[in-house]
Amino acid sequence: LSALDFDALFCGHRPVSSGGRDALRQKLEWLREVEGGVRRLAESGLRPNQIVKRLQLERSAGFRYISMGDASASNLVASILRGPRPRPEVEAALDITP
């Protein structure tokens, strides 16, 4: 997407009316930095909750509360380490086996 010529970015996370391409690039850079940090700390033996604290990823409980726990720093770390997984009740409702 960042190769396309656009200015406004209307997304659910943080829409911007101008500078959208730069905002998208900055977000990708941040995510890559976080991924590198998570992987390095996991390789050094830290547990996911320790990684969240060390990288200071938990900023606000608002998104975690609204998303019923899906949007959380611990889920970000878990997704980096193991891939995304739906909540158990979602798996059960959709008859998904992990």
Side-chain angles (χ1 to χ4, degrees):
L1 289 174
S2 66
L4 299 175
D5 185 23
F6 66 94
D7 196 33
L9 177 64
F10 301 104
C11 69
H13 295 113
R14 190 169 285 152
V16 292
S17 59
S18 65
R21 184 166 62 179
D22 289 335
L24 190 63
R25 287 179 178 162
Q26 288 173 9
K27 182 69 166 199
L28 179 58
E29 183 179 324
W30 178 81
L31 286 169
R32 287 178 173 158
E33 288 174 11
V34 168
E35 179 183 13
V38 166
R39 292 193 187 282
R40 280 190 301 280
L41 292 171
E43 287 171 6
S44 74
L46 267 65
R47 294 185 313 270
N49 63 329
Q50 295 170 313
I51 294 171
V52 168
K53 288 179 183 176
R54 179 74 61 90
L55 295 179
Q56 299 176 347
L57 294 175
E58 197 70 72
R59 303 208 191 288
S60 166
F63 283 119
R64 185 176 59 236
Y65 176 76
I66 291 170
S67 69
M68 296 171 49
D70 283 342
S72 68
S74 58
N75 278 348
L76 175 61
V77 170
S79 291
I80 291 170
L81 296 176
R82 296 186 298 269
R85 291 184 173 168
R87 292 188 318 270
E89 65 270 21
V90 173
E91 287 179 346
L94 298 176
D95 194 26
I96 299 172
T97 54

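Position 1 is the first residue of the sequence; numbering continues from there. Side chains are part of it too, since the values below use all heavy atoms of this structure and drop only hydrogens, waters and symmetry mates.
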Side-chain atoms of residues 19-28: list all donor-acceptor pairs with protein atoms under 3.5 Å, sequence neighbours left out, distances to 0.1 Å.
| residue | atom | partner | partner atom | Å |
| --- | --- | --- | --- | --- |
| Arg21 | NH1 | Leu4 | O | 3.0 |
| Arg25 | NH2 | Ser2 | O | 3.0 |

Do any side-chain atoms of residues 38-51 form donor-acceptor pairs under 3.5 angstrom with protein atoms, and if so which ones, sequence neighbours left out?
| residue | atom | partner | partner atom | Å |
| --- | --- | --- | --- | --- |
| Arg39 | NE | Glu35 | OE2 | 3.1 |
| Arg39 | NH1 | Ile80 | O | 3.4 |
| Arg39 | NH2 | Glu35 | OE2 | 3.2 |
| Arg39 | NH2 | Ile80 | O | 3.0 |
| Arg40 | NH1 | Gly36 | O | 3.3 |
| Ser44 | OG | Leu41 | O | 2.7 |
| Gln50 | OE1 | Arg47 | N | 2.7 |

task = For Leu76 and Ser79, run side-chain contact (heavy atoms from CB on, under 4.5 Å): C-alpha distance rounded to whole Å, both residues' side-chain angles, the deciding distance at 0.1 Å, then the answer.
result = CA-CA 5 Å; Leu76 175 61; Ser79 291; 5.5 Å; no
request  = Determine the minimum heavy-atom distance between Asp7 and Ser17, stating which atoms define it.
outcome  = OD2-O, 4.0 Å
message = Let me check something: do Phe6 and Val16 share a hydrophobic cluster, defined by ILVMFWY side-chain heavy atoms less than 4.5 Å apart, either directly or through other members?
response = yes
query = What residues form a side-chain hydrogen bond (donor to acceptor under 3.5 Å, both in side chains) with Glu89, not counting sequence neighbours?
reply = Arg87
query = So how far is it from Leu9 CG to Leu1 CG, rounded to the nearest 0.5 Å?
reply = 8.5 Å
